[in-house]
Amino acid sequence: MINQLRKIYSSLLVYSEGHDNLDTTYKWFVTGENEIVGIHDEELTSKDVSLLTTFLLPYNINLPIPTDEERKWKNAIHATESSANFEIKNPYRFIYFSIKKNQIDPTVFKDAIHELFANPVPILWGNGHEGIIIEEQIDYEDSISFEEIKDILMSDLSVKIHFFIGSYKEGLEDIAQYYHSLTNAAKKVFVYTNKTVVTYIDAVPYLLINQTEPDLRSDIGKTVLQEYINDEETLKMIETFLQCNLNISETAKVLHMHRNSLQYRLDRFFEKTGIDVRQFHHAMTVYLALLARK
Amino acid sequence: MADLKLVNIRKVYDKDVVSVKDFSLEIRDKEFLVLVGPSGCGKSTTLRMIAGLEEISGGDLYIGDKRVNDVPPKDRDIAMVFQNYALYPHMDVYNNMAFGLKLRKFKKDEIKKRVDNAAKILGLEDLLTRKPKALSGGQRQRVALGRAIVRDAEVFLMDEPLSNLDAKLRVQMRAEIQKLHRRLQTTTVYVTHDQTEAMTMATRLVVMKDGYIQQVGAPKEVYDEPNNVFVGGFIGSPAMNFLNGKLEENYFVMDDVKILVPEGKMKYLREQGYVGKDIILGVRPEDIHDEPLFLDFSPETKIKASIEVAELMGAEIILYSKVNDQDFVARVDARFSVAAGETVDLAFDLNKAHFFDCESELRIK
């Protein structure tokens, strides 16, 4: 195949895996044998690129070359024919990650991520600063949480990382939908929270609010929070109370205020709005109203 | 080594949520500076802006003489330790410490030199081949510190590094970090919500609330001379007592309870026009006495207190009581036994007490 291509494209270059400093005036592809093939831009029309992409994997020179497994996952997500023989033994989940642009070499990120798991995990890069980690559900004695992973990576790589963790899934059915809903959701949730590690389950209220029409969102905020809509101090207190699972003592401790003062302020909020945030249903309503404000 | 300068630093998140407001501070070379305050006060955000993990919305940040607002975090020569002292689970201690340097393409012999040196400083020499699961919590935290030390950075940033340890280990690690700082002399910015940690570790501490600096000073200075009610209440455990009352000529009055105000304090209160006005008295628990000698010499600062709870702490007893329906706490010597339900005489040492303005809550000086 390479020789045939070379007859058509005289500029064609072939490298083995791991070649550094690839020429940016070339378009690069990866063959099924993990060879890197480059053809000079001047020899390629957009039609040529489309045609080549049907049997070669386009390769971003800033990203690590995909492994066989990563290629299989990519094919499965994009439902190409070659995904037919791909079998998955264990439940798996996708973890979306994003890093600030141009702050880290993706190969360095990949090396660090691989050291955090018992086996190298597939990483599907969307671009140079975001992508998906695929984690199989296997119980390892010394596995660590993504909160911990985030801190390790921040201290070693000096970058702020966001992780959005999907729920576990079995089999390849609807994998494309799973992928798209996770990546779409990931781009919305971090507006609503300062947390850098969020699970899909945590994010459901954010996604519901995000789908709500702006007018309705504004109405919910105004109707529920009433005269408190701009009272940052009270709203911060209530938000902390919700974060502390409606536990008065814990909230008072976090806010460094007396338990009785907190009780008094929650009573005042009840008197003025008719909403008792100590009750689950009211608490949930206020939580949605707080999100609607954001 | 380096000094840091933060000039009018601000952090605004989306939708105008201001997390840090006009933060200006010079952090001296070799200093161990502690940022302390309750949750949401902006201390971690400030630390992350120094690290470059959060963008600075306004103001200037200097490391040494260089403005670093737009310098990527990896180029700021800063090492960080976080609350999660997690390690690479499948690497041994040596490689956990070495990995950050490997990623930065350091040469093998330089990595070895630095890791061996850090291991020696932290007493980890015998543990270098162990995996994290074979380490105790304290040992893991030492390895996490080691991962920062090997960087040989100009500045250490520590974000609540002891919060996940149990109380006993926290006390032990507190001392270890202090020893480490004395040895390395690296400029350190340390964030905690724990005032005891702040008091015991800081060269200087910065008390924050709602994104603003409330007070900067040496621990003793902040403890003895709090700028306002918040600082007085936040620093110290048990917290400072605050009693609302009125200032009359020579007396602090709470309805039928009158406490004599020493002339030294009365003079400036009088000069500033507080006589006849509502005022807040702040008195530390240890400045309320039950010793007979003190009571004899202070008849006009004496009150009758009905003890609701008495907690024996060993050498001292913490007494919970009320005066004029306002709660207060006293810390007295355990040699004089007091039990809950008893009514005892207690005297306030107003020479050591403070008065605060009712509206601004600032200390009157």
Side-chain angles (χ1 to χ4, degrees), chain A residues 100-105 107-119 140-161 190-194 196-197 230 232-233 235-237 239-240 243-244 250-258 260 293-294, chain B residues 13-19 37-41 44-45 48 51-55 72-91 95-96 99-105 131-134 144 147-148 151 153 157 159 164 193 195 209-210 230 233-234 239 327:
Chain A
K100 204 174 164 192
K101 271 184 197 169
N102 303 324
Q103 293 221 336
I104 187 172
D105 175 353
T107 309
V108 171
F109 179 80
K110 178 186 163 181
D111 290 348
I113 285 286
H114 281 181
E115 294 297 340
L116 289 158
F117 295 88
N119 298 311
Y140 290 110
E141 195 187 338
D142 29 2
S143 60
I144 59 174
S145 71
F146 272 87
E147 277 291 343
E148 293 171 306
I149 288 174
K150 173 205 71 180
D151 278 0
I152 292 184
L153 295 178
M154 276 207 291
S155 66
D156 271 346
L157 308 177
S158 303
V159 284
K160 184 176 178 181
I161 300 170
F190 292 106
V191 172
Y192 295 96
T193 176
N194 287 335
T196 48
V197 178
N230 293 317
E232 295 298 337
E233 200 182 337
L235 296 184
K236 184 186 159 195
M237 177 191 79
E239 199 167 1
T240 310
Q243 283 162 359
C244 293
E250 180 66 23
T251 311
K253 201 172 148 191
V254 169
L255 291 173
H256 194 71
M257 68 196 290
H258 196 279
N260 294 348
R293 260 179 98 239
K294 293 192 177 179
Chain B
Y13 287 104
D14 294 340
K15 298 269 180 187
D16 301 331
V17 177
V18 186
S19 171
S39 169
C41 71
S44 284
T45 307
R48 280 157 194 262
L53 298 172
E54 295 286 354
E55 274 176 33
K74 65 180 167 46
D75 300 329
R76 291 192 184 188
D77 204 6
I78 275 171
M80 289 197 76
V81 181
F82 293 98
Q83 186 171 344
N84 286 314
Y85 47 92
L87 304 170
Y88 292 94
H90 312 290
M91 286 184 192
N95 282 300
N96 259 291
F99 193 62
L101 300 178
K102 282 184 192 164
L103 291 176
R104 285 177 166 77
K105 315 274 185 219
K131 295 270 179 71
K133 69 177 175 189
R147 282 163 40 75
R151 295 274 308 279
L157 303 179
D159 192 358
N164 284 1
H193 66 277
Q195 63 86 29
K209 186 191 173 215
D210 298 337
F230 173 77
F234 192 80
D327 292 322

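Keep in mind that this is a model prediction, so the values were computed, not measured. Each chain gets a letter, A, B and so on, in the order the sequences are listed, and its residues count up from 1.
Side-chain contact of S158(A) with R104(B): a donor-acceptor pair under 3.5 Å is present, judged by distance alone.
Aromatic ring pairs are classed by plane angle as parallel below 30°, tilted from 30° to 60° and perpendicular above 60°; the pair F117(A) and F146(A) is tilted.
At a 4.5 Å heavy-atom cutoff, the contact between E55(B) and chain A is made by side-chain atoms alone. Heavy-atom distances place no part of L101(B) under 4.5 Å from chain A, backbone and side chain included. If you measure heavy-atom distances from M257(A) to chain B, you find no contacts under 4.5 Å at all. Residue D159(B): no heavy atom, backbone or side chain, is found under 4.5 Å from chain A. Looking at K236(A), only its side chain comes within 4.5 Å of chain B, counting heavy atoms on both sides.
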Enumerate donor-acceptor pairs with a distance under 3.5 Å from any side-chain N or O in residues 77-85 of chain B to protein atoms, sequence neighbours excluded.
residue : atom : partner : partner atom : Å
Q83(B)  : NE2  : N164(B) : OD1          : 3.2
N84(B)  : OD1  : N164(B) : ND2          : 3.3
N84(B)  : ND2  : D151(A) : OD2          : 3.1

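In this structure, the separation between NZ on K160(A) and OG1 on T196(A) is 7.0 Å, given to the nearest 0.5 Å. A distance of 7.5 Å separates NZ in K102(B) from CD in E115(A), rounded to the nearest 0.5 Å.
Residue K253(A) places its NZ atom among 12 or fewer non-hydrogen atoms of other residues, nucleotides or ligands, all under 6.0 Å distant.
Of the listed residues (K133(B), M91(B), K131(B), R147(B)), the greatest number of heavy-atom pairs within a distance under 4.5 Å of chain A belongs to R147(B). In terms of non-hydrogen atom pairs under 4.5 Å with chain B, the most contact-rich of T107(A), V108(A), L157(A) is V108(A).
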